[in-house]
A.B. asks: 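There's a structure below that I have some questions on.
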Amino acid sequence: MSIVIIGTGLAGYNTARELRKHDTQTRLILVSADSGRSYSKPMLSTGYRKQQTPGDLVQGTPEAMAEQLDARIITGTPVEAITPHAATVTLAGGEVLAYDSLVLAAGADPIAPRLDGDAADAVFQVNDLDQYERFRAAADDAHRVLIMGGGLVGCEFANDLREAGCEVDLVFPESAPLPRLIPQRPAEALHAALENLGVRVHTGVTLEAVDAGQGGLVGRLSDGRELAADAILAAIGLQPRTGLARAAGLAVHHGIRVDPWLTTSDPAIFALGDCAEVSGYVLPYVLPLTNAARALGPTLAGQRTAVKYPVMPVTVKTSCCQVVAWPPEEGTPGEWHFDGDGQDLRGEFRDAEGTLHGFALTGKRIRERLELTREMPPLLGD
Ligand SMILES: Cc1cc2nc3c(=O)[nH]c(=O)nc-3n(C[C@H](O)[C@H](O)[C@H](O)COP(=O)(O)OP(=O)(O)OC[C@H]3O[C@@H](n4cnc5c(N)ncnc54)[C@H](O)[C@@H]3O)c2cc1C
């Protein structure tokens with residue numbers, strides 16, 4: 001028996017840990033395109049505030065993880081193909097690994113910005129520790145940082161870099177931050193808090209071009225304005241990594257399609273984490289993958305277990321104004337109702353019968369998350 005896991009992010013390593021709680025015997029191999037160091041990705045956007053270097057974020061070297069998990073860990077080696085009928089994966093360099101069960105925990109690609117200009121290649125993206133290390137090498141010396149994207153990652157980095165003393169410009173096309181997570185009123189509270197902290201927030205504009213200027217970079221915005229920067233970070237969204245699965249003939253929609261047992265359209269292949277679409281849900285956050293790994297561990301050990309998804313509100317770690325939210329599904333009939341003032345808001349999205357379908361809490365009101373989470377039915381399982 002042999003289990004192969006593609007990916008050493010939180011999804012890959014959590015699955016391996018959960019498997020080992022139920023099965024200490026089966027041969028286990030993890031393959032990673034990156035350096036294979038174990039770390040908690042959410043810590044990347046609070047590194048300055050917590051005075052942590054990229055090295056401080058490493059929780060385990062691949063060697064230590066191999067020992068802890070009694071596994072072979074292959075790093076810096078992308079899997080290039082999956083051959084389901086032979087039950088093998090082919091690695092860059094040509095090694096072929098046979099599996100009885102294969103786990104796809106390959107994460108997501110950050111969406112690359114389309115930019116004009118002679119320095120467009122200088123723009124950073126941070127979706128793993130290796131990329132963060134490269135960004136920090138530039139940002140530690142940078143005084144002015146321009147950030148594209150007003151989502152969770154963009155807002156958290158803006159907050160963190162501003163606290164580190166950088167001048168920060170945050171640029172996004174929507175009218176307020178966190179557009180896919182929270183409605184206008186709490187978003188305005190976060191916008192005001194970021195500005196109070198000293199972040200320059202530019203709404204309704206996109207970055208169009210990056211050129212090398214005198215002593216740094218110059219970003220040109222869609223309204224014609226120019227912003228000077230020493231470093232530019234793009235955080236404009238994620239695309240589940242589905243290429244390997246698609247090429248292997250597995251069912252793919254927004255993510256790699258899996259059922260509540262995390263099984264793909266091939267019964268020997270499973271998927272979880274940012275690359276997966278679990279019963280229609282693409283949830284690129286830690287709690288969903290933790291719940292998924294907790295089910296997949298016993299399943300891989302022979303005790304078929306369905307994943308349970310309670311409502312898992314998203315926490316945005318903007319210390320200037322924290323946010324905890326669970327947005328209603330698109331198209332759900334109902335209205336937002338707000339309570340509170342200034343930064344401390346509680347928003348509830350209820351239908352005509354009073355049923356709660358989503359919520360958004362900011363500032364001190366984030367303490368009320370449990371009460372609201374408990375009021376909502378689980379997404380999957382009981
Ligand atoms: C800055 C930042 C802050 C965040 N903050 C939060 C937060 O506060 N709360 C929260 O819930 N979520 C947060 N998230 C999201 C959360 O961190 C992710 O959902 C989670 O870490 C995804 O884990 P993963 O294992 O699915 O993917 P990844 O961590 O991306 O791991 C994917 C792995 O697959 C490997 N891989 C990919 N392709 C191949 C291949 N072909 N062959 C071999 N290996 C391959 C990669 O090398 C990597 O090891 C944050 C994300 C970012 C970027």
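When a ligand or atom number is given, it counts from 1 through the structure's own listing order.
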A.B. asks: Could you list, one pair per line, each nitrogen or oxygen of ligand 1 together with any protein nitrogen or oxygen closer than 3.5 Å, giving atom names and the distance rounded to 0.1 Å?
C.D. replies:
unit_1: ligand 1; atom_1: 5 (N); unit_2: K317; atom_2: NZ; d: 3.0
unit_1: ligand 1; atom_1: 8 (O); unit_2: K317; atom_2: NZ; d: 2.5
unit_1: ligand 1; atom_1: 11 (O); unit_2: V286; atom_2: N; d: 2.8
unit_1: ligand 1; atom_1: 19 (O); unit_2: D274; atom_2: OD1; d: 2.7
unit_1: ligand 1; atom_1: 19 (O); unit_2: D274; atom_2: OD2; d: 3.4
unit_1: ligand 1; atom_1: 19 (O); unit_2: P284; atom_2: O; d: 2.9
unit_1: ligand 1; atom_1: 19 (O); unit_2: Y285; atom_2: N; d: 3.3
unit_1: ligand 1; atom_1: 25 (O); unit_2: L10; atom_2: N; d: 3.2
unit_1: ligand 1; atom_1: 25 (O); unit_2: A11; atom_2: N; d: 2.9
unit_1: ligand 1; atom_1: 26 (O); unit_2: D274; atom_2: N; d: 2.9
unit_1: ligand 1; atom_1: 29 (O); unit_2: K41; atom_2: NZ; d: 3.2
unit_1: ligand 1; atom_1: 30 (O); unit_2: K41; atom_2: NZ; d: 3.0
unit_1: ligand 1; atom_1: 34 (O); unit_2: A105; atom_2: O; d: 3.3
unit_1: ligand 1; atom_1: 34 (O); unit_2: A106; atom_2: O; d: 3.4
unit_1: ligand 1; atom_1: 41 (N); unit_2: V79; atom_2: O; d: 3.2
unit_1: ligand 1; atom_1: 42 (N); unit_2: V79; atom_2: N; d: 2.8
unit_1: ligand 1; atom_1: 44 (N); unit_2: A33; atom_2: N; d: 3.0
unit_1: ligand 1; atom_1: 47 (O); unit_2: S32; atom_2: OG; d: 3.3
unit_1: ligand 1; atom_1: 47 (O); unit_2: A33; atom_2: N; d: 3.4
unit_1: ligand 1; atom_1: 47 (O); unit_2: D34; atom_2: N; d: 3.2
unit_1: ligand 1; atom_1: 47 (O); unit_2: D34; atom_2: OD2; d: 3.2
unit_1: ligand 1; atom_1: 49 (O); unit_2: T8; atom_2: N; d: 3.0
unit_1: ligand 1; atom_1: 49 (O); unit_2: T8; atom_2: OG1; d: 3.4
unit_1: ligand 1; atom_1: 49 (O); unit_2: S32; atom_2: OG; d: 3.1
unit_1: ligand 1; atom_1: 49 (O); unit_2: D34; atom_2: OD2; d: 3.0

A.B. asks: Would you say the ring centroid of F359 lies under 6.0 angstrom from that of W326?
C.D. replies: no
A.B. asks: Whether the E163 and S319 side chains hold a donor-acceptor pair (N or O, under 3.5 Å, no angle test) is what I'd like checked.
C.D. replies: yes
A.B. asks: For Y48 and L161, work out which heavy atoms get closest and say how close.
C.D. replies: CE1-CD2, 3.4 Å
A.B. asks: When you check the gap from the basic side-chain N to the acidic O, do D339 and R346 get nearer than 4.0 Å?
C.D. replies: no
A.B. asks: Of D130, T61, T8, which is the lone residue that meets side chain to side chain donor-acceptor pair (under 3.5 Å) with R37?
C.D. replies: D130
A.B. asks: Knowing that exactly one of R144, R200, R162 qualifies, which makes a side chain to side chain donor-acceptor pair (under 3.5 Å) with E167?
C.D. replies: R200
